[in-house]
**Student:** 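One structure is given below, represented as structure tokens, and several questions about it will come after.
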Amino acid sequence: MAFGRRRKDRAESGYVPQEQETVEETAAGTGDGPAQGPFDVADRPSEEGYVDLGALRIAATQGLALRLEVEEKTKRVVAVTLDMDGSSLQLQAFAAPKSETLWDEIRGQIVKSVSSQGGTADELEGRLGTELLARVPAQAQDGSKGYRVARFVGVDGPRWFLRGVFGGPAAMNPDAAGPLEEVFRNVVVVRGDAPLPPRDLLQLNLPRDASPLPKRGEEAAKPEPPKRGPEITTIG
């Protein structure tokens, strides 16, 4: 599997037919990480203007729809997906060691996972720091072969790690990604004081004014894409 520091193009869709795929040079990021957040709750303690999901607070934004994702076996919320203008951003927050970072190691694990599916993952320096652009073979509804594209970003915070996965046009098109990147930069992570093993998912909850979910299960969730749940809340 090809893996390196090549900078790839960003197409208009998350599904790219093999015969139509093009490669263009894109502008490189600064490599200095985001100029803004994501923030730790100690740096952004106010809940005003945010939707409180427990471990994550999401800034209310016009046109942003929020979907909580539930692990089928444990019936607990394990991720939140944000939809805007045909693009998506899945967020998961994990416990992390106080004196170590996780993103370098997790990138390697994502590469192995994508490779096992016959895909490729390319490392690049983007507007949110070091990223992975992954392409996994997929088949369209008309039977044509192509790729499903996902853009992985990660931020190491104080005793937490936040992973984001961009899908749809935002995975490949910088202009389409802009609004969701701004949402990502404004995320607030609430780690809490409870001792947790590294890589344990931080608990997500429904917003206070939303319908309740089944009780949280005991089994720890793995950092793989979970099943989507039916709960949809529009914010902003």
Side-chain angles (χ1 to χ4, degrees), residues 33-34 36-45 50-59 66-82 88-114 116 121 123 126 128-134 150-167 171 180-181 183-207 213 215-229 231:
Q36 305 177 52
F39 301 97
D40 185 76
V41 67
D43 300 317
R44 188 66 65 90
Y50 282 86
V51 177
D52 187 355
L53 302 175
L56 296 176
R57 295 176 184 170
I58 310 299
L66 179 154
R67 180 175 67 250
L68 295 176
E69 303 191 12
V70 181
E71 189 180 53
E72 188 172 341
K73 185 174 182 179
T74 64
K75 305 300 182 185
R76 67 168 173 172
V77 181
V78 293
V80 56
T81 294
L82 308 173
S88 64
L89 169 61
Q90 184 201 66
L91 297 173
Q92 288 181 297
F94 301 86
K98 181 181 296 186
S99 58
E100 298 178 23
T101 59
L102 296 180
W103 184 216
D104 288 346
E105 182 180 353
I106 288 176
R107 286 201 311 276
Q109 294 175 348
I110 293 171
V111 169
K112 289 181 180 179
S113 176
V114 171
S116 71
E123 186 172 306
L128 297 174
T130 304
E131 308 176 356
L132 282 178
L133 187 64
R151 173 188 168 204
F152 292 82
V153 299
V155 174
D156 290 292
R159 298 174 62 233
W160 54 258
F161 169 74
L162 179 65
R163 190 187 76 172
V165 186
F166 290 87
L180 279 177
E181 286 180 352
V183 172
F184 184 79
R185 289 188 181 102
N186 282 291
V187 169
V188 175
V189 180
V190 184
R191 164 62 175 80
D193 297 324
L196 293 170
R199 298 172 178 270
D200 262 21
L201 276 168
L202 301 184
Q203 184 172 348
L204 294 168
N205 304 312
L206 278 171
L213 281 173
K215 276 192 171 183
R216 174 180 174 176
E218 296 296 327
E219 182 179 329
K222 305 297 182 183
E224 271 83 41
K227 300 288 185 180
R228 289 186 174 182
E231 297 77 19

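One-based numbering along the sequence shown. Keep in mind the model is a prediction, meaning the values are calculated, not measured.
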**Student:** Between Phe39 and Arg185, which heavy-atom pair has the shortest distance, and what is it?
**Tutor:** CE1-O, 3.3 Å

**Student:** Considering non-hydrogen atoms only, spot the tightest contact between Arg163 and Phe94 and give its length.
**Tutor:** CB-CE1, 4.4 Å

**Student:** Looking at side-chain heavy atoms only, is the closest gap between Arg107 and Glu131 below 4.5 Å?
**Tutor:** no

**Student:** Does the side-chain contact (heavy atoms from CB on, under 4.5 Å) test come out yes or no for Val111 and Glu123, once each step is laid out?
**Tutor:** CA-CA 9 Å; Val111 169; Glu123 186 172 306; over 6 Å; no

**Student:** Heavy atoms only: give me the nearest Pro197-Ala95 pair and the separation to one decimal.
**Tutor:** O-CB, 3.5 Å

**Student:** Would a distance-only check, ignoring hydrogens and angles, find a side-chain to backbone donor-acceptor pair under 3.5 Å from Gln92 to Val78?
**Tutor:** yes

**Student:** With sequence neighbours left out, what residues match Arg44 under salt bridge (Lys or Arg N to Asp or Glu O under 4.0 Å)?
**Tutor:** none

**Student:** List the steps, then state whether side-chain contact (heavy atoms from CB on, under 4.5 Å) holds for Leu82 with Phe184.
**Tutor:** CA-CA 10 Å; Leu82 308 173; Phe184 184 79; over 6 Å; no

**Student:** Heavy atoms, side chains only, cut-off 4.5 Å: are Arg151 and Leu128 in contact?
**Tutor:** yes

**Student:** With sequence neighbours excluded, tell me which residues meet side chain to side chain donor-acceptor pair (under 3.5 Å) with Glu100.
**Tutor:** none

**Student:** Using salt bridge (Lys or Arg N to Asp or Glu O under 4.0 Å) as the criterion, list what pairs up with Asp40, not counting sequence neighbours.
**Tutor:** none

**Student:** Under the side chain to side chain contact (heavy atoms under 4.5 Å, CB included) test, which residues partner Val190, sequence neighbours left out?
**Tutor:** Val41, Arg57

**Student:** Quick one: pull up CG in Leu202 and CG in Asp200 and give me the separation to the nearest 0.5 Å.
**Tutor:** 8.5 Å

**Student:** Among residues at least two apart in sequence or on other chains, which ones pass side chain to side chain donor-acceptor pair (under 3.5 Å) with Asp156?
**Tutor:** none

**Student:** Apply side-chain contact (heavy atoms from CB on, under 4.5 Å) to residues Leu53 and Leu68 and explain how you reach the verdict.
**Tutor:** CA-CA 9 Å; Leu53 302 175; Leu68 295 176; 4.3 Å; yes

**Student:** Kindly write out the residues that satisfy ring pair (Phe, Tyr, Trp, His ring centres under 6.0 Å) with Phe161, not counting sequence neighbours, or none if the list is empty.
**Tutor:** Trp103

**Student:** Using side-chain contact (heavy atoms from CB on, under 4.5 Å), reason through Ile58 and Leu91 one step at a time and then give a plain yes or no.
**Tutor:** CA-CA 10 Å; Ile58 310 299; Leu91 297 173; 3.8 Å; yes

**Student:** Quick one: does any side-chain atom of Tyr50 pair with a main-chain N or O of Asn186 as donor and acceptor, under 3.5 Å?
**Tutor:** yes

**Student:** Nearest 0.5 Å, please: how far is CZ in Arg191 from CG in Asp193?
**Tutor:** 8.0 Å

**Student:** Which heavy atom of Pro97 sits nearest a heavy atom of Leu102, and at what distance?
**Tutor:** CD-CD2, 4.1 Å

**Student:** Only counting residues at least two apart or in another chain, list the ones meeting salt bridge (Lys or Arg N to Asp or Glu O under 4.0 Å) with Asp52.
**Tutor:** Arg208

**Student:** What's the spacing between Leu162 CG and Leu56 CG if we round to 0.5 Å?
**Tutor:** 6.0 Å

**Student:** Would you say the side chain of Pro45 lies within less than 4.5 Å of the side chain of Val188, judging by non-hydrogen atoms?
**Tutor:** no

